[in-house]
Protein chains: 2
Amino acid sequence: MAYTIKDVAKKAGVSIATVSRVLNNQPGFSEKTKKKVQHVIEELGYEPNAVARGLINNKTHTIGVLFPELSSMLVTDFLNGIETMAHELGSSVIVCHTEADGEKTMKYLQLLNEKRIDGIIFVSAILKEEYYNYIRKMGIPMVLLSTESYAYPVPYVKVNDQHAAYSATKYLLNKGHNKIGMISGSKDDLIAGKPRIMGFKMALKDSGIAFTEDNIIYSKGFGFQDGLDGMEKLMKQSPEISAIFAASDEIAFGALSFAYQHGIKIPDDVSIIGYDNLSIAEMAIPPLTTVGQPLIKMGKTAASMLFEMLESGNVFVENRILPHEILERETVREKR
Amino acid sequence: MAYTIKDVAKKAGVSIATVSRVLNNQPGFSEKTKKKVQHVIEELGYEPNAVARGLINNKTHTIGVLFPELSSMLVTDFLNGIETMAHELGSSVIVCHTEADGEKTMKYLQLLNEKRIDGIIFVSAILKEEYYNYIRKMGIPMVLLSTESYAYPVPYVKVNDQHAAYSATKYLLNKGHNKIGMISGSKDDLIAGKPRIMGFKMALKDSGIAFTEDNIIYSKGFGFQDGLDGMEKLMKQSPEISAIFAASDEIAFGALSFAYQHGIKIPDDVSIIGYDNLSIAEMAIPPLTTVGQPLIKMGKTAASMLFEMLESGNVFVENRILPHEILERETVREKR
DNA sequence: GTGAAAGCGCTAACAG
DNA sequence: CTGTTAGCGCTTTCAC
C-alpha cells in the first residue's frame with residue numbers, strides 16, 4: 001500500500017489536518033511546519049489519493065469524450081487537441097467509442113456518471129434526446145465538438161459547414177470550372193451532410209449556374225468506400241464534369257483512387273477539392289487541395305469551453321465557429 | 001446532488017448494508033427485499049458512486065495508456081483495440097500523450113498514480129529506468145505494446161520486427177528483385193529501428209546477395225517526411241535499385257510521393273513494400289503492398305494481458321508475439 | 001498555528 | 001435474512 005496522509009502526519013509529528021493544509025496550501029501553518037511536512041512527503045514519496053479527494057470534493061479532474069468511432073481519422077486530431085488542453089488544465093480524459101450506437105452510448109454515459117467525471121465532450125454525432133436528458137440529470141457541463149444540437153441549448157464548437165462548402169465550391173468556380181459535381185454524405189445528416197450540400201448549391205446559384213441533381217451523389221457516409229463508389233457513379237452519370245467537391249477528405253481519397261484505377265488524370269482531367277484537411281491530405285498523390293478545419297484547435301477549444309463552464313458554474317458558454325481555410329495543393333487546376 | 005445509497009435505503013425501508021448487498025449481489029437478502037430495493041433504485045434512478053467504491057475497494061476500473069504521440073496513425077488502431085477490450089472487461093481508459101518526453105511522462109505517471117488506476121499500457125516507446133521504477137512502486141501491472149524492454153521483466157505484445165522485415169525483403173526477393181534498398185528508421189532505435197534493419201540484411205544474406213551500405217538510408221523517425229527525404233537520397237545514391245523496403249507505411253507514403261513528384265513510376269520503375277498496414281495503406285495510390293501488423297488485435301491483446309495480470313495478481317504473463325502478414329496490393333511487381 | 005472530529009458514499013465484518 | 005458500525009483517505013469546520 002502507498003503511504004497515506006496519516007503516515008506523513010505521524011512521521012512529521014503533526015496532525016493530518018496540518019498535512020492537508022500544506023498539501024492544499026490553505027492558510028494555517030507556520031513556515032517551519034511546512035518545511036517539516038514537505039520534507040517528510042519528499043522522503044516517503046507520498047502522493048495524495050485522488051480518489052479520496054474526489055469523494056470529498058465532488059470533483060475527479062477527469063472528463064469523458066465520446067466518439068462515434070475511433071477509426072475515423074478525425075479523432076486523432078480532435079483527441080490530440082482535447083487531451084493537450086485538458087492536461088494543461090489539470091484533467092485527464094477518458095475516451096469512449098460508442099460506435100454510433102444508442103444503447104452503447106447510454107451505457108457509456110452511465111459508466112461516466114458512476115465515475116463522477118466533471119464534464120463531457122460529445123463528438124461528431126447527433127445528440128439524441130435520451131443522451132441530453134441523461135447528461136442533464138448528471139448535472140455536469142457538456143460541449144459538442146463538430147456537431148450541434150437544434151433541439152437543446154448545448155454549446156458547440158464547429159466550423160460553419162455551409163460556409164466552408166460554399167468556399168470550396170467558389171474556389172472551384174474561380175478556377176474557371178462551371179460543370180461541378182459533388183460527392184456528398186447523406187442529405188439526411190443535418191450536421192455534416194445537408195449544410196455542405198446547401199453550401200455547394202448556394203455557391204452554384206450565386207454564380208448563376210444551374211444545378212442538376214445529376215451532379216451530386218449522396219453517399220451513406222464520409223468514408224473511403226463512399227468516395228470510391230461515388231466517383232464511379234458521378235463519372236458515369238455526368239461525364240462532362242470538370243471539377244468535384246468531395247464532402248470529406250476520405251471521400252476525396254476514394255475519388256482519387258477510382259480516378260487512378262480508371263486512368264482519369266487528377267487534376268488534368270478533373271479537379272478535386274476535399275474537406276477536413278486530415279494530416280494525410282498532404283500525403284495524397286497528388287497532394288490534396290482541401291477546405292481545412294482546424295482540427296486540433298477545435299479539440300482544444302472544446303476542452304477550454306468545458307473548463308470555462310466548470311469554473312464559472314454556468315451551464316452555457318458562447319458557441320465557437322472556427323474559421324475554415326482553403327489549402328491549395330495539387331488536385332485542382334485552372335480550367336482552360 | 002445525485003442520490004446516495006442512504007436515500008435508497010431510507011425509501012426502501014431497509015439498511016444501507018442491505019442495499020449494498022443487492023447492489024453487489026452478495027448473499028444475504030430475500031427475494032422480496034431485493035425486488036423492493038431494485039424498485040426504489042429504478043424509481044430514483046440511483047447509480048452507485050464509483051469514486052466511493054474505488055476508495056474502499058482500491059480498484060478504480062480504469063487503466064492508463066501512454067502514447068508517445070497522438071498524431072501517429074498507429075495510435076488510432078491501438079487505442080481502438082485497447083478501448084474495445086477494456087470496456088468489454090468493465091474498465092475505462094485514460095489516454096496520455098507524453099510527446100516522448102521524459103519529464104512529461106513522469107508527470108503523467110504521477111497523475112495516474114494519484115488517480116489510483118489499476119494498470120498501465122505503455123505504447124511504442126522505450127521504457128526508461130525512471131519509468132519502470134516508478135511504476136513498480138505504484139505496484140500495478142503494466143504491459144508494453146509495440147515495444148519491449150531488455151532491461152526489465154515487463155510483458156509485451158509485439159510483432160517480431162526482425163522476422164517481419166525478413167519476410168518483406170524475402171517477398172521482394174521472390175519477385176525477382178536483387179537490387180533492393182531500404183529506407184529505415186534510426187539504427188539506434190533498438191525496438192523498431194535495428195531489428196527491421198537486421199531482418200532486411202539477413203534476408204539479403206540468406207539469398208546470397210551482397211549488402212552495401214549505399215542501399216540503406218537511416219532516417220530519424222518513421223514519418224512521411226523521412227520517407228520523402230529518404231527516397232530522394234536513395235534514388236540519388238543507388239539508382240540501380242528496383243525495389244525498396246520502407247520501415248513504415250508512412251515512410252512508404254513519403255517514398256510514393258517523392259516518386260510521383262519526380263516521374264518515377266511505382267511499381268513499374270521501382271517496387272515498394274511498407275510496414276504496418278495502416279488503414280490508409282489501401283487508400284494509397286497505388287494501394288500499398290505492406291507487411292501488416294494486426295494493430296487492433298495487438299491493442300486488444302495488450303488489454304487482455306493487463307486484465308489477466310489484474311485478476312491473477314501475477315506480475316508477469318507470457319509475452320505475445322503476434323503474426324505479421326504480407327498484404328499484396330499494387331506497389332510491388334515482378335522484376336522482368 | 002494547530003488538532004480533534006465529522007463525514008464524503010460506500011463495503012465488510014460483526015451481531016443478532 | 002438484516003441492521004449496526006467501523007473504516008477507506010481525505011477535507012473542513014470548530015475549538016483551543
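Throughout, protein chains are lettered first and strands after them, A, B, ... in sequence-line order, and every chain is numbered starting at 1.
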Expressed as a whole number of angstroms, how long is the span from [X]:[atom1] to [N]:[atom2]?
X: B:Asn57; N: D:dG7; atom1: CG; atom2: P; value: 17 Å
X: B:Gln26; N: D:dC1; atom1: CD; atom2: P; value: 15 Å
X: B:Asn58; N: D:dC10; atom1: CG; atom2: P; value: 11 Å

Discussion item. Quick check on contacts: within residues 111-120 of chain A, what sits under 4.0 Å from DNA chain D by heavy-atom distance?
Written reply: none
Worksheet item: Under 6.0 Å between the ring centres of B:Tyr46 and B:Tyr3?
Response: no
Would a distance-only check, ignoring hydrogens and angles, find a side-chain to backbone donor-acceptor pair under 3.5 Å from [X] to [Y]?
X: B:Ser91; Y: B:His87; answer: no
X: B:Thr62; Y: B:Thr60; answer: yes
X: A:Asp118; Y: A:His61; answer: yes

Response to the item:
Of the candidates C:dC10, D:dC8, D:dT11, the side chain of B:Ile5 sits closest to C:dC10
Discussion item. Just to be sure I understand the rule, does B:Asn24 reach a base, reach only the sugar-phosphate, or reach nothing, if contact means heavy atoms closer than 4.0 Å?
Written reply: sugar-phosphate
Worksheet item: Which part of the nucleic acid, if any, lies within reach of B:Thr4 when heavy atoms closer than 4.0 Å are counted: base, sugar-phosphate only, or nothing?
Response: sugar-phosphate
Worksheet item: How bent is the helix from C:dG1-D:dC16 to C:dG16-D:dC1, comparing axes over its five end pairs at each side, to the nearest 10°?
Response: 40°
Practice prompt. Decide, yes or no, whether a salt bridge links B:Lys107 with B:Glu103 under the criterion of side-chain N to carboxylate O below 4.0 Å.
Written response: no
Worksheet entry | Pair B:Glu43 + B:Lys36: basic N to acidic O under 4.0 Å | no
Discussion item. The criterion is ring pair (Phe, Tyr, Trp, His ring centres under 6.0 Å); which residues satisfy it with B:Phe316, sequence neighbours excluded?
Written reply: none
Strictly under 3.5 Å: I want the nitrogen or oxygen pairs between protein and nucleotides 1-5 of chain C, one per line.
residue : atom : partner : partner atom : Å
C:dT2   : OP2  : A:Ser30 : N            : 2.8
C:dT2   : OP2  : A:Thr33 : OG1          : 2.7
C:dG3   : OP2  : A:Ser15 : N            : 2.9
C:dG3   : OP2  : A:Ser15 : OG           : 3.2
C:dG3   : OP2  : A:Thr18 : OG1          : 2.7
C:dG3   : N7   : A:Arg21 : NH1          : 3.4
C:dG3   : O6   : A:Arg21 : NH2          : 2.3

Practice prompt. Taking side-chain contact (heavy atoms from CB on, under 4.5 Å) as the test, write out the residues that go with A:Asn80, two or more places apart.
Written response: A:Thr84, A:Ile296, B:Leu70, B:Ser71, B:His97
Worksheet item: Is the number of heavy atoms from other residues, nucleotides or ligands under 6.0 Å of B:Glu129 CD greater than 12?
Response: no
Worksheet item: Got a sec? Which of residues 41-56 of chain A come in under 4.0 Å of DNA chain C, heavy atoms?
Response: A:Leu55, A:Ile56
Item to complete: Please examine the side chains of B:Ile94 and B:Ile63, heavy atoms only from C-beta on, and report whether any two atoms are closer than 4.5 Å.
Response: no
